> 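Have a look at the structure that comes next, please.
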Amino acid sequence: MIQMAEQSLPVTHAPALASPAEVVYTAPLKVIEFAATPPSPADSQTAATPPTPAITTPSTAIDLLRAHLPFLAGLLEPVLPAPFAAPKPPVVEHPSPGAIAVEAARRKIGSDYSMGATGPDVFDCSGLVQWSYEQAGVEVPRTSYQQLSSGKAISQEELEPGDVVSFYGGGHTGLYAGDGQVIHASTYGTGVVMSPMSSMPYAGARRY
């Protein structure tokens with residue numbers, strides 16, 4: 001019998017595993033923090049209260065037809081009344097300085113005449129014109145010759161109420177009243193009257 005000598009074989013022990021409680025992570029963990037910015041009160045109010053769209057409510061049966069049955073409304077459009085539109089505000093026209101002046105002169109018809117007088121109750125011809133335009137806030141020269149040489153020259157066909165009309169080569173002046181009439185301070189014993197322009201030799205006209 002062959003006897004074998006017992007030999008001790010080397011035993012390598014596996015390294016002991018650490019228990020879960022003993023596992024240590026050496027790599028640093030990165031923590032990302034998000035900074036929360038609270039919304040401003042204006043943003044909160046805007047988000048909480050969305051804008052309300054404008055709603056147009058049809059007010060008549062015709063408006064309802066146009067709103068809900070546009071195809072049918074299109075067929076009937078030639079016989080349907082026009083959509084309601086709010087009335088436009090009235091246009092207020094302010095009187096011109098000439099219109100104010102001639103009305104001021106009209107109120108003085110019957111006043112006395114006196115050479116060199118400028119109103120308010122007694123006038124000469126150029127004094128009446130000057131005083132009447134003063135009521136409109138417009139400065140007009142004092143004498144009849146100056147009144148004919150100032151302002152804007154206009155033809156007889158362009159005359160409008162309030163235009164200054166001159167006669168006798170510029171020696172007499174008055175205010176055009178429309179319809180071929182002129183208001184003027186005539187002479188002693190006659191005073192301020194309305195006369196046809198054709199009763200005196202026409203010399204020219206001005207607009208102030």
Side-chain angles (χ1 to χ4, degrees), residues 40-111 118-121 123 125-141 147-166 173-185 192-198 202 204-208:
S40 64
D43 295 338
S44 301
Q45 184 176 2
T46 303
T49 309
T52 302
I55 300 175
T56 303
T57 303
S59 57
T60 66
I62 302 300
D63 292 336
L64 287 170
L65 177 63
R66 288 192 173 99
H68 299 288
L69 297 173
F71 176 74
L72 180 58
L75 295 176
L76 298 176
E77 195 65 38
V79 297
L80 291 178
F84 174 78
K88 295 182 179 180
V91 178
V92 179
E93 296 184 0
H94 298 284
S96 66
I100 296 174
V102 73
E103 290 306 314
R106 197 185 305 274
R107 294 193 297 269
K108 293 301 178 178
I109 291 177
S111 297
T118 58
D121 299 315
F123 304 91
C125 64
S126 57
L128 174 66
V129 171
Q130 185 184 51
W131 178 88
S132 298
Y133 266 95
E134 284 178 354
Q135 312 316 301
V138 177
E139 184 177 352
V140 172
Q147 291 171 1
L148 178 59
S149 62
S150 302
K152 177 184 177 182
I154 56 173
S155 67
Q156 191 168 352
E157 292 73 20
E158 296 173 319
L159 283 173
E160 295 179 0
D163 290 337
V164 178
V165 187
S166 297
T173 188
L175 292 165
Y176 183 66
D179 298 325
Q181 303 287 313
V182 62
I183 300 173
H184 62 121
V192 179
V193 294
M194 182 183 294
S195 305
M197 285 181 54
S198 58
Y202 176 80
R206 300 284 172 166
R207 182 168 296 161
Y208 288 88

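Predicted model, so just to flag it, every value in this text is computed and none were measured. Computed from heavy atoms alone, side chains included, the values below leave out hydrogens, waters and symmetry copies.
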> Could you pull out the closest heavy-atom pair between L159 and A205, with the gap in Å?
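The answer is CD2-CB, 3.5 Å.
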
> For the side chain of Q135 and the backbone of A101, is there at least one donor-acceptor N/O pair under 3.5 Å apart?
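No.
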
> Is the closest side-chain heavy-atom distance between I183 and I109 below 4.5 Å?
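A side-chain contact under 4.5 Å exists here.
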
> For the residue pair L175 and S132, establish whether any side-chain heavy-atom pair is separated by less than 4.5 Å.
yes

> Ignoring hydrogens and angles, tell me if any N or O in the side chain of Y133 forms a donor-acceptor pair with the backbone of G162 under 3.5 Å.
yes

> With a 3.5 Å cut-off and sequence neighbours excluded, list the donor-acceptor pairs that the side chains of residues 148-156 form with protein atoms.
residue, atom, partner, partner atom, Å
S149, OG, Y145, O, 3.3
S149, OG, Q146, O, 3.1
S150, OG, Q146, O, 3.0
S155, OG, E158, N, 3.4
S155, OG, E158, OE1, 3.3

> Would you say the side chain of H184 lies within less than 4.5 Å of the side chain of V129, judging by non-hydrogen atoms?
no

> Could you tell me which residues satisfy side-chain hydrogen bond (donor to acceptor under 3.5 Å, both in side chains) with T173, sequence neighbours excluded, listed by chain and number?
Q147

> side-chain hydrogen bond (donor to acceptor under 3.5 Å, both in side chains): which pairs involve residues 88-108, sequence neighbours left out?
E103-R106

> Among all residues two or more places apart in sequence or in another chain, which pass the ring pair (Phe, Tyr, Trp, His ring centres under 6.0 Å) test with Y176?
none

> For S111, check side-chain hydrogen bond (donor to acceptor under 3.5 Å, both in side chains) against everything at least two apart and list the hits.
none

> Do V164 and R207 touch side chain to side chain, with heavy atoms closer than 4.5 Å?
no

> For residues A136 and P97, report the shortest heavy-atom separation together with the two atoms involved.
CB-O, 3.5 Å

> For a quick test of reading the model, state the closest non-hydrogen atom pair linking T118 to F123 and the distance between them.
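Taking every non-hydrogen atom into account, C-CD2, 3.8 Å.
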
> With R206, which residues qualify under side-chain hydrogen bond (donor to acceptor under 3.5 Å, both in side chains), at least two apart?
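Partners of R206 by the side-chain hydrogen bond (donor to acceptor under 3.5 Å, both in side chains) criterion come out as none, since no residue qualifies.
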
